[in-house]
Amino acid sequence: MTTSAVHRAVEAILLVAEEPVRPDLLAQLLEVPTSRVDEVCDELAASYRDSGRGFILSRVAGGYRFQTAPDLAPYVERYVLEGQTSRLSGAALETMAIVAYKQPLSRAQVAAIRGVNVDGVMRTLQQRGYIEEVARDPGPGQAVLFGTTTLFLERLGLDSLDGLPALAAFVPGPEVMEALEAGLRVTPDDRSLTTDAEGEDDDGSEDAGAEPGVGRGVVDLRDE
Amino acid sequence: MTTSAVHRAVEAILLVAEEPVRPDLLAQLLEVPTSRVDEVCDELAASYRDSGRGFILSRVAGGYRFQTAPDLAPYVERYVLEGQTSRLSGAALETMAIVAYKQPLSRAQVAAIRGVNVDGVMRTLQQRGYIEEVARDPGPGQAVLFGTTTLFLERLGLDSLDGLPALAAFVPGPEVMEALEAGLRVTPDDRSLTTDAEGEDDDGSEDAGAEPGVGRGVVDLRDE
Amino acid sequence: MPYEVQTPVFEGPFDLLLHLIMREQVDLYQVPLVHIVDAYLAELERLDVVDLEVATEFLLIAATLVELKARRLLPGRDDVDLDDELALWEERDLLLARLLECKTFKDAARALAALGDDAARSWPRVAGLEERFLDVAPDLLAGVTAADLKAAYLRAVAPKPTPTVSLEHLHMVRANVADAVAELVDELPRVGRISFRRLTSSLIDRLEVVVRFLALLELFKQGLVDLDQASSFGDIEVVWLGGATADGDGDEFDAFDIGDDLVTTALAGIDRYDG
């Protein structure tokens, strides 16, 4: 198979595919090494980009697929009237984020983090196909453990879970930690009760620095 | 709209279209004359041909659509044979079964029963010739109603739909009944309903607190 | 100071507390106690009465806040029971840990939503096969019998999910500081030196880890272990100083035992999950 024949065959297969096509499958069908497939797809993607096509070739959920160029969304929307997925609620998004970053984990573990019952939200996410049962806790009770699905990756435009932004980036910074700690101070401090957060002096910041071991330790652990 | 913007928008719309798109619809969506649409599509088709793409833009059934280049059929066939799942998933089979037993019904009705979006599965079933549009809902919206095809009957070895196994009147299992009864008990509003079962007390509302787990099970039922 | 607690619908007690602390940048202790409690009671009223779990969580946190606040308003007393004090710190730290976690995932969720919004601007092609390939396509119904179809239908219309009383509640964090201390006193003499990460590697739930950490702090306070963290966010090295055996730990932990009830109370938020 000559170079351009591989390019053409990849284009043809991706045109009829209804889901992202894995590079190893393309390699098998076209009898070329997987690395060649990746090369070819990179070249195709670049050529569409360079010639300003209305579609792009992107890598999503472990495979390649054709998609419309994002800037043309206004036109595509006029044509695609239905099939718009309704947006997730804030609660559903937070629950999904927990599952995404902590998977596999049980419903009870999600509930412990959220501080509320999550049965309904988890069921919704499961019905929408964003999360699924992936295993059973080997421990007593054999709780069902959940993880995210391929559809989840597709909907977020991610190639794999590695593409999730690092959770560490969202761990609250020192100023938030301080604000939270200040809000939960146990002991009366020396300052007047009417002094607000801006009024903090060196003592105040050292105070904040004196106890954070516990808080930081926890953040650290959570990062693992 | 500049020349190349029309080209790009046409490409994007044709990429997501599941059937040929009529030029007058494109003209309307892009706010250009129909003649311009035809021009643009001719130019696009020529450019794909000249640069030896694996897909072509062709005019079919009064509209435009992307197709695979005819000479690449062997590769596409390989993909169809080896790359695609050759069996219906459990979820797809359920969708098939719902259409078979409840026909005629709309896509939305199937989705309501399954609790998820079924557009993709319905499209596949329709493409494969197992289901087809059989009527229009006379009500507002005129939703398309689906039913099974002769091919479906053939493939299942049935002479007619009467050959489908009869559904016994659906009797919920004992655990469902139990939960239902418990649910009636814990719903203070419906307490009148419980007089048979419980007969007496005014403490029904306290029961509500005593059995939250069961109560939740009932809510689950109602959700469906 | 007039403080209007305008509560949108909160997803839970952490959400509300986070909101109270972060939104107004207000020192909770400047807010009249009654307003905090009112805010919680208002939330409680919104709740489905049947959901005891959530209601309890709200109440627990409201109570914690009241206690924290009451404690802070009191002038410093010399006769403060150390165990009370410790229990309160533990409680505060647990609350803090959970708030941080809540905040982390709130922000992560926002980032995921943004990713999703971006991705939604680009539609995938799903047109599928052209007619000429349909003949080639394998028969998806191959091997499917009419009985399979009936079974699938019954599955589809059956109430979902099966309304069993969930046993998952039973498999919950079982952790309190007293137990954790006992475990550590048993385990540490045998290993001598261990990193905190390894010490907690078998624990699944975050709260269990937090509780272990608190237990370590307690042992540290009593001079039974040495803790060393080489760099911030680095691993914590734990060294047992308490001698070779764990005999007589009952004596050593008298002070702790006195506070046991309090600790248990303080950790009710965890114990609650015992089911």
Side-chain angles (χ1 to χ4, degrees), chain A residues 1 4-19 21-22 24-26 28-31 40 44 47-48 51-56 63 65-86 117 119-120 123-124 126-130 151, chain B residues 1 4-18 21 25-26 28-31 44 47-48 51-56 66-85 91 107-108 114-117 119-120 123-124 127 212 216-217 219-220 223:
Chain A
M1 199 180 204
S4 94
V6 179
H7 288 79
R8 300 184 70 232
V10 167
E11 287 183 320
I13 291 173
L14 295 187
L15 194 81
V16 299
E18 293 178 51
E19 47 193 39
V21 185
R22 302 181 53 86
D24 51 347
L25 173 61
L26 285 170
Q28 179 198 322
L29 297 173
L30 306 182
E31 293 167 16
V40 164
L44 285 174
S47 93
Y48 300 150
S51 52
R53 293 279 166 217
F55 46 80
I56 59 177
R65 73 174 180 192
F66 279 122
Q67 290 178 191
T68 58
D71 64 302
L72 297 171
Y75 298 107
V76 179
E77 267 163 15
R78 293 184 194 174
Y79 176 76
V80 187
L81 291 176
E82 50 186 320
Q84 303 270 46
T85 35
S86 52
N117 183 308
D119 292 1
R123 196 166 50 239
T124 303
Q126 213 179 344
Q127 277 181 344
R128 294 274 203 100
Y130 296 136
L151 181 67
Chain B
M1 199 182 204
S4 93
V6 180
H7 287 78
R8 300 183 71 230
V10 166
E11 286 184 318
I13 291 173
L14 294 187
L15 191 84
V16 297
E18 290 167 30
V21 187
L25 175 58
L26 283 169
Q28 184 195 325
L29 294 173
L30 305 183
E31 293 164 21
L44 285 173
S47 95
Y48 300 150
S51 52
R53 292 280 165 216
F55 46 80
I56 58 176
F66 280 120
Q67 279 180 205
T68 53
D71 63 304
L72 297 170
Y75 296 107
V76 178
E77 282 174 15
R78 274 184 105 156
Y79 169 71
V80 171
L81 284 172
E82 298 172 35
Q84 291 200 309
T85 44
R107 210 181 266 130
R114 293 256 308 118
V116 291
N117 181 310
D119 292 359
R123 190 173 53 236
T124 303
Q127 260 191 351
R216 221 171 291 130
V219 173
D220 289 353
D223 271 359

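A note on names: the letters A, B, ... follow the listed sequences, proteins ahead of strands, and every chain is numbered from 1.
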Discussion item. Quick check for you: among A:A17, A:G129, A:A69, which has the greatest number of heavy-atom pairs under 4.5 Å with chain B?
Written reply: A:A17
Fill in: Exercise: identify the closest heavy-atom pair between A:G54 and B:A12
O-CB, 3.6 Å
Fill in: Heavy-atom closest pair, residues B:I13 and A:V76
CG1-CA, 4.5 Å
Practice prompt. Decide yes or no on side chain to side chain contact (heavy atoms under 4.5 Å, CB included) for A:Q127 and B:R114, but give the supporting numbers first.
Written response: CA-CA 9 Å; A:Q127 277 181 344; B:R114 293 256 308 118; over 6 Å; no
Discussion item. Assess, by modelled atom type and distance only, whether the side chains of B:R53 and A:S4 contain a donor and an acceptor separated by less than 3.5 Å.
Written reply: no
Worksheet item: Taking atom types as modelled and ignoring hydrogens, do the side chains of B:T68 and A:R8 form a donor-acceptor contact shorter than 3.5 angstrom?
Response: no
At a 4.5 Å cut-off on heavy atoms, which part of [X] comes close to chain B: side chain, backbone, both, or neither?
| X | answer |
| --- | --- |
| A:Q67 | backbone |
| A:A73 | neither |
| A:V21 | side chain |
| A:Q126 | neither |

Fill in: Rounded distance [0.5 Å steps], CG in B:L15 versus CZ in A:R65
10.5 Å
Item to complete: Between chain A and each of B:L72, B:L25, B:L44, count heavy-atom pairs under 4.5 Å; write down the option with the most.
Response: B:L72
Worksheet item: For B:L29 and A:Y75, what are the C-alpha separation, side-chain angles and deciding distance, and is it a side chain to side chain contact (heavy atoms under 4.5 Å, CB included)?
Response: CA-CA 7 Å; B:L29 294 173; A:Y75 298 107; over 6 Å; no
Worksheet item: Does CZ in B:R123 sit with more than 12 non-hydrogen atoms of other residues, nucleotides or ligands closer than 6.0 Å?
Response: yes
Practice prompt. Indicate the ring-plane relationship of A:F55 and B:F66, choosing parallel, tilted or perpendicular according to the 30° and 60° boundaries.
Written response: perpendicular
